[in-house]
There are 2 protein chains.
Amino acid sequence: MTSLSRSEALSLFAISAAGVAIISNAFQGDGNPVVASLAFSGIAFSATYAMIRWLGNTFMKAGLKGTDMSKLRKVEIPETMGAVCAVVYLLCIIMFIPFPFYKDIVAATSGGGNKDYIQEVHHVETGRFLHRFPHNKLAAYLSAILSLQSIVILGIGDDLFDIRWRHKVLIPAFASVPMLIVYFVDFGVTQVVVPTPLQQYLGDLFNLGWLYYAYMAAFAIFCPNSINILAGINGIEVSQSIVIALLILANDVLYLPPFTSYPHPATDAHLFSIYLLLPFLGVSCALLMHNWYPAKVFVGDTYCYFAGMVFAVDGILGHFSKTLWLLFLPQVFNFVYSAPQLFHIVPCPRHRLPHFNARTGLMEPSTATFRKPPARPVQAVLKLLGELRLLQVKTDNKGEVVECSNMTLINLWLVWFGPMREDRLCMGLMAFQFACGVAGLFVRHRLALLVFTQDNL
Amino acid sequence: MTSLSRSEALSLFAISAAGVAIISNAFQGDGNPVVASLAFSGIAFSATYAMIRWLGNTFMKAGLKGTDMSKLRKVEIPETMGAVCAVVYLLCIIMFIPFPFYKDIVAATSGGGNKDYIQEVHHVETGRFLHRFPHNKLAAYLSAILSLQSIVILGIGDDLFDIRWRHKVLIPAFASVPMLIVYFVDFGVTQVVVPTPLQQYLGDLFNLGWLYYAYMAAFAIFCPNSINILAGINGIEVSQSIVIALLILANDVLYLPPFTSYPHPATDAHLFSIYLLLPFLGVSCALLMHNWYPAKVFVGDTYCYFAGMVFAVDGILGHFSKTLWLLFLPQVFNFVYSAPQLFHIVPCPRHRLPHFNARTGLMEPSTATFRKPPARPVQAVLKLLGELRLLQVKTDNKGEVVECSNMTLINLWLVWFGPMREDRLCMGLMAFQFACGVAGLFVRHRLALLVFTQDNL
């Protein structure tokens with residue numbers, strides 16, 4: 001199916017028309033950028049939905065296609081559709097640039113654009129000099145877009161050329177360079193607030209210096225890769241990203257009126273986060289509708305990198321990366337749990353996605369087989385994990401471990417709750433992601449006072 | 001050949017090592033950003049040269065390959081190698097961001113980075129506030145990178161999906177959006193200096209308003225597309241870009257000491273141009289060495305768009321787009337000359353590249369055949385062009401035009417100077433491009449006084 005049905009076309013047109021109407025009124029009077037951002041998200045949703053449908057065949061013809069291994073009928077479907085999402089998203093946040101700065105432009109040029117401003121020949125060369133304009137916020141916003149564009153270029157390269165795993169991991173590191181450099185040039189704060197128990201040793205603020213840049217780079221490497229390894233079943237990459245984005249949004253809203261009175265130092269940073277996330281939700285929902293079980297398109301590594309990078313720039317430039325770790329708990333767990341296979345202590349098959357049982361139509365844990373029995377200590381740990389129900393372990397009659405389930409959160413979920421259909425599996429994991437995130441936010445805002453003198457809310 | 005020879009590897013390593021040494025010393029004392037930019041260009045050259053060699057097979061495997069029609073032996077060679085250039089270039093100018101602003105960072109934080117700056121808890125949320133930092137220049141630089149990244153993403157899409165001609169033309173329009181929006185938000189000057197004869201009617205300055213944005217968009221659409229249609233023989237896309245870049249550089253140097261005393265309002269704009277062009281020359285030279293006759297790789301539409309966009313952002317953000325038109329004279333001529341075929345007044349075959357005569361090994365003008373005789377006035381114009389030696393026209397015994405040479409500058413060159421080998425043809429056209437550009441710059445700086453009160457030099 002490569003064209004839109006009549007009702008789809010009408011709905012998308014209605015959403016877009018409403019969006020255009022709202023945006024064209026945003027510059028009248030006291031336009032609210034959040035409303036404009038919502039309108040952009042609606043248009044982004046419609047455009048992505050339509051383009052994924054229209055471009056399916058084009059992608060297949062260019063060789064961007066794959067086969068779904070977890071279905072009875074093995075048909076080829078388009079791959080790398082995350083690139084469509086990403087391009088629509090980028091265009092949206094670029095078009096959005098003037099909106100958060102509209103009031104500042106008016107204020108800086110003394111009301112009504114440039115009209116009352118006395119212009120001299122000199123200014124034609126040097127531009128207007130806006131003392132009151134929040135230039136550093138503009139630079140931060142631009143650097144976010146630069147990093148996102150970089151990850152899209154590199155992600156498309158990865159999907160095209162099948163880059164090796166050990167090189168892939170570093171793609172987000174390259175993409176984070178523009179953000180870190182602009183942070184260095186224009187913001188440059190590397191102090192962090194010291195937790196109360198340590199203040200007697202370190203003072204209120206501690207200057208991390210270049211370590212702070214290393215931390216930001218590590219964070220930017222973690223987010224995209226962690227989404228990329230919690231993958232393999234229909235819809236999971238997109239739905240985990242949507243859940244995380246919704247939880248960040250919930251956290252952002254806490255810094256806006258009526259929850260916080262307006263001139264709060266963190267309000268602008270959280271508004272910035274909202275502007276980045278709303279269109280992301282728009283394009284992701286459109287993609288999910290095509291990628292949900294049974295998937296009609298695949299998202300590609302491009303989407304995983306892109307989604308992770310949206311969260312990374314959001315957390316870093318919004319100054320709430322500590323909070324973001326709490327929303328990534330299932331991903332952190334999945335990474336730590338995967339480590340023995342990623343570092344080849346336990347054999348790692350080419351694909352670790354769960355096994356599709358064609359007879360029952362259900363997903364079952366996939367397994368890694370030991371060609372020779374592993375070393376004693378490894379066996380002991382594996383058996384302990386088996387006792388704790390954190391792994392499915394099979395031993396031979398001599399008591400030696402010969403097989404274990406692949407170490408991913410997805411397989412573990414199947415070990416816990418037994419075989420289930422692909423969409424139930426995805427929904428279960430998303431409920432888990434959501435529950436972990438809500439608990440994390442509760443800890444962040446209720447228990448932070450134990451180690452810091454104030455919740456910055 | 002997919003690996004570097006020993007002498008190639010040694011030379012590239014030497015260039016890179018020298019570059020790294022220079023850059024690591026750039027922050028000591030009175031480092032000169034132009035020297036750092038030169039060093040970056042050397043590294044960019046080495047990286048591009050090596051990567052084009054290494055990635056050839058990878059590109060072929062991903063289906064990015066094509067056959068050279070103007071050779072006796074038809075072998076497939078890698079296509080879209082301009083994407084490698086562009087990615088290396090982007091990484092370079094992103095890494096370069098701190099260099100032009102180094103002195104400003106030091107000045108704004110009262111000497112020696114952040115050390116003496118008294119930092120309050122408040123600043124951890126809001127960043128340092130740098131009154132003296134040239135924020136608007138940083139935003140302009142970032143917007144240039146955004147536009148270049150956009151054109152690379154869209155150009156790769158074009159090379160992958162073979163987009164239709166009438167959609168292709170608009171790719172640069174999309175890519176110019178970030179530059180125009182940041183111009184609107186942060187610079188906003190839409191006044192132009194009025195030529196002397198018109199000043200009595202319009203005043204010294206005339207506010208073009210939104211027309212100025214339309215002009216910039218048109219310029220950004222013209223540059224990439226004009227390079228993309230002056231194409232089709234080995235090396236021509238890259239060498240015309242190198243000639244234009246060298247001429248812009250020559251013009252930039254006129255605004256630096258010793259030619260101009262330092263605090264000149266346009267100096268910074270021309271330094272900006274130099275920072276963009278030096279690494280461009282680096283990556284382009286590396287590409288040319290692989291794309292020169294007989295070509296071992298093709299550059300792809302990505303390169304043409306990318307090169308044109310470098311010139312467009314350079315001219316627009318450096319405020320010398322009028323001068324740039326003079327350096328694009330052969331491209332303007334080629335576009336006007338092509339118009340009858342582009343708009344289908346004269347039949348337009350799928351490819352208009354010159355015809356390779358396998359017997360002589362030389363290039364000859366390719367032709368368009370009229371299936372039915374064209375209308376009277378068209379015939380009259382074609383015959384007139386034929387008389388003026390601006391077209392090769394063939395008539396049947398009734399005097400009706402049945403065939404004419406394809407309307408491109410490349411074919412016209414062959415009409416003028418007879419069949420020649422592909423590399424001689426390219427060199428001739430480049431000499432022409434260079435001569436036109438030098439004449440254009442002469443007009444710009446010597447004759448501009450006839451219509452403006454002062455040469456802004």
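What's counted below: heavy atoms across the whole structure, side chains too, no hydrogens, waters or symmetry copies. Letters A, B, ... mirror the listed sequences (proteins, then strands); counts begin at 1.
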Within 6.0 Å of CE in M60(B), more than 12 heavy atoms from elsewhere: yes

More than 12 heavy atoms from other groups under 6.0 Å of CZ on F174(B): no

Listed partners of K137(A) passing side-chain hydrogen bond (donor to acceptor under 3.5 Å, both in side chains), at least two apart: D268(A)

Sequence-distant partners of K168(A), side-chain hydrogen bond (donor to acceptor under 3.5 Å, both in side chains), two or more places apart: D301(A)

Most heavy-atom pairs under 4.5 angstrom with chain B, which of [options]?
options                          : result
A86(A), S150(A), S143(A)         : S150(A)
A83(A), P178(A), A62(A)          : P178(A)
I181(A), I145(A), V152(A)        : I181(A)
I153(A), I97(A), T58(A), L146(A) : L146(A)

Side-chain heavy-atom pair V182(B), Y141(A) within 4.5 angstrom cut-off: no

Nearest-0.5 Å distance, CG of residue L148(B) to CD of residue Q149(A): 9.5 Å

Trace of the side-chain contact (heavy atoms from CB on, under 4.5 Å) decision for F161(B) with L64(A): CA-CA 10 Å; F161(B) 300 131; L64(A) 299 169; 3.9 Å; yes

Heavy-atom contact with chain A under 4.5 Å, split by part of L90(B): side chain

Structural part of L55(B) lying under 4.5 Å from a heavy atom of chain A: neither

Contacting moiety of L180(A), where chain B heavy atoms sit under 4.5 Å: neither

Non-hydrogen atoms of L138(A) and A139(B) that approach each other most closely: CD2-CB, 4.0 Å

